[in-house]
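These numbers come from the heavy atoms of this one structure, side chains and all, not from hydrogens, waters or symmetry mates.
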Amino acid sequence: MRLATLTSGGDCPGLNAVIRAVVRTASSEFGDTVVGYEDGWVGLMEDRRRDLYDDAEIDRILLRGGTILGTGRLHPDKFKAGLGQIKENLADAGIDALIAIGGEGTLKGAQWLADNGIPVIGVPKTIDNDVNATDFTFGFDTAVSVATDAIDRLHTTAESHNRILIVEVMGRHVGWIALHAGMAGGAHYTVIPEEPFDIAEITKAMERRFQMGEKYGIICVAEGALPKEGTMEFTEGDTDQFGHQTFNGVGQVIGDEIKRRTGYDVRTTVLGHIQRGGTPTAYDRVLATRYGVHAARAAHAGKSGQCVALHGEKIELVPLADAVGELKVVPPARYATAKALFG
Ligand code: F6P
């Protein structure tokens, strides 16, 4: 058989580990060949591809962040309009099945292709960990490690200067990175999109720390966080050309407001894409590798419209429809657990 793979949407650590595992498994278990399309769906539509060989070069990419295939975004309308071209390109290249590695948007596209007769297996990735139907996406552990390391470092400088330091982490619609990094790093307050914040409550928590003699504070904020309605002025972001929400720096907004209300010295650090770059953690390498092995096996077995997923200790196949219906948000009980440590 001849398999194809591509990486689409925002990059994340572990993509190369999946590609490596797909190529090596396809070759060693079945003698299948693998083609890699460049820059996600865009490369598939433009027929930009190269053969991927089970050689020393592919073996070495396990440690590399990013994706050797490049990634890209495509508006869903353009993607759907290109179905005929996609089918033609896959047929010309002699592809029997496609393995699409990506987040919610990519998996939606994969499902649509499968519904339209193209054999597709999905592999869920995103640092945000917001794909439903899997316990964890790879990339999340690395992002949390980076954010936790940043918080660890902020503690010592905040303490030395008696400052409130705010760290804004990624998390467009969900607060998994903020929740985990905030808890692991001992942040004194964590703000997530699922739980609109009350600026008065955050300020009070910081004031309490200063009154108790702990004259510094760390606040971990997810970029998609919003204030409770009517509690403060706030301008929401816009949407980009792909329909994704953009942001106006909620960490800075919270910092400015705490400073205005208390007079404390407040600074904000935005971690941004640092969380997405660099080498994956051991956990992410293992998860990504397991996903890649199972995706290659599923594609070879002729399965389609399914997605590999982690359930407890096992990697299983789930319908792509289960992975894309709704985002996996932080449940209120998980936030309540984190809240027990605030202040
Ligand atoms: O990968 C998901 C994510 O990291 C979001 O948390 C973030 O809002 C978004 O990607 C930003 O991606 P980009 O800057 O590539 O548009």
message: Show the nearest heavy-atom pair for residues Val191 and Phe197, with the distance to one decimal.
response: CG1-CD2, 3.4 Å
- prompt: How far does CG of Leu98 sit from OG of Ser304, to the nearest 0.5 angstrom?
  reply: 9.0 Å
- prompt: Side chains of Thr231 and Asp198: donor-acceptor distance under 3.5 Å anywhere?
  reply: no
- prompt: With the threshold set at 4.0 Å, does a side-chain nitrogen-carboxylate oxygen contact exist between Lys204 and Glu207?
  reply: no
- prompt: When hydrophobic residues are tied together by side-chain contacts of less than 4.5 Å, even through go-betweens, does Leu317 share a cluster with Leu310?
  reply: yes
- request: Inspect the surroundings of NZ in Lys87 and state if more than 12 heavy atoms from other residues, nucleotides or ligands are less than 6.0 Å away.
  value: yes
- request: Treat each ILVMFWY residue as a node, draw an edge where side-chain heavy atoms are under 4.5 Å apart, and state whether Ile164 and Phe342 are in one component.
  value: yes
message: Does this structure show an ion pair linking Arg2 with Asp96, if we count only N-O contacts that are shorter than 4.0 Å?
response: no
- prompt: Looking at Asp59 and Arg24, does any basic side-chain N land under 4.0 Å from a carboxylate oxygen?
  reply: yes
task: Answer yes or no: are there more than 12 heavy-atom neighbours, outside Arg48 itself, under 6.0 Å from its atom CZ?
output: yes
- prompt: Can Asp149 and Arg153 be counted as an ion pair, charged N to O under 4.0 angstrom?
  reply: yes
query: When clusters are formed by joining ILVMFWY residues with side-chain heavy atoms under 4.5 Å apart, either directly or through shared neighbours, do Ile177 and Val167 land in the same one?
result: yes
field: Whether over 12 other heavy atoms sit under 6.0 Å from Glu316 CD
entry: yes
query: Are a donor atom and an acceptor atom from the side chains of Asp135 and His311 found within less than 3.5 Å of each other?
result: no
task: Starting at OG of Ser8, measure out to CZ of Phe79 and round the result to the nearest 0.5 Å.
output: 8.0 Å
- line: d(Trp41 CH2, Glu46 CD) to nearest 0.5 Å is 14.5 Å
task: Determine, using the 4.5 Å side-chain heavy-atom cutoff (strictly less than), whether Met232 and Leu226 are members of one ILVMFWY cluster.
output: yes
query: Does the pair Glu201/Lys339 count as a salt bridge with the N-to-O cut at 4.0 Å?
result: yes
message: If you compare all heavy atoms of Ile192 against all heavy atoms of Ala178, which two are closest, and at what distance to 0.1 Å?
response: CG2-CB, 4.0 Å
message: If you count every heavy atom of other residues, nucleotides or ligands that lies below 6.0 Å from Glu29 atom CD, does the total exceed 12?
response: yes
query: Checking Asn16 side chain against Leu62 main chain: does a donor-acceptor pair fall under 3.5 Å?
result: no
- request: Locate the shortest heavy-atom distance separating Val123 from Ala295; write the atom from each residue and the value.
  value: CG2-CB, 3.7 Å
task: Measure from NZ or CZ of Arg163 to the centre of the six-membered ring of Tyr264 and say whether it is under 6.0 Å with the direction within 45° of the ring axis.
output: no
- prompt: Do Thr156 and Tyr216 have side-chain atoms, one donor and one acceptor, less than 3.5 Å apart?
  reply: no
Distance-only polar pair, side chains of His188 and Arg208, donor-acceptor under 3.5 Å: no
query: How long is the gap from CD on Glu313 to CD1 on Ile315, to the nearest 0.5 Å?
result: 9.5 Å
For Asp47, all residues meeting salt bridge (charged side-chain N to carboxylate O under 4.0 Å, His left out), sequence neighbours excluded: Arg49
message: Set out, in order, the CA-CA distance, both residues' side-chain angles and the distance that settles side chain to side chain contact (heavy atoms under 4.5 Å, CB included) for Thr134 and Thr137, then state yes or no.
response: CA-CA 7 Å; Thr134 185; Thr137 50; 4.0 Å; yes
Atom pair OG1 (Thr7) and NZ (Lys125), whose distance is rounded to the nearest 0.5 Å: 8.5 Å
statement: Note: Gly171 and Ala222 closest approach over all heavy atoms is O-CB, 4.2 Å
Parallel, tilted or perpendicular: ring planes of Phe136 versus Phe140, cut at 30 and 60 degrees: parallel
- line: Val120 and Ala114 have their tightest heavy-atom pair at CG2-N, 4.1 Å
message: Under 3.5 Å, is there a donor on one side chain and an acceptor on the other for Asp284 and Thr142?
response: yes
- line: Heavy-atom nearest pair, Ala147 first then Leu271, reads CA-CD1, 3.6 Å
query: For Asp39, does its backbone N or O pair with a side-chain atom of Thr71 as donor and acceptor, under 3.5 Å?
result: no
- prompt: What's the spacing between Gln275 CD and Glu168 CD if we round to 0.5 Å?
  reply: 9.0 Å
- prompt: Is it true that atom CZ of Arg60 has more than 12 heavy atoms of other residues, nucleotides or ligands lying nearer than 6.0 Å?
  reply: no
task: Could you please spell out the steps behind the salt bridge (Lys or Arg N to Asp or Glu O under 4.0 Å) verdict for Glu38 and Arg50?
output: CA-CA 8 Å; Glu38 292 169 1; Arg50 62 180 193 265; 3.1 Å; yes
message: Donor-acceptor pair, distance only, cut-off 3.5 Å: does the side chain of Asp11 make one with the backbone of Gly70?
response: no
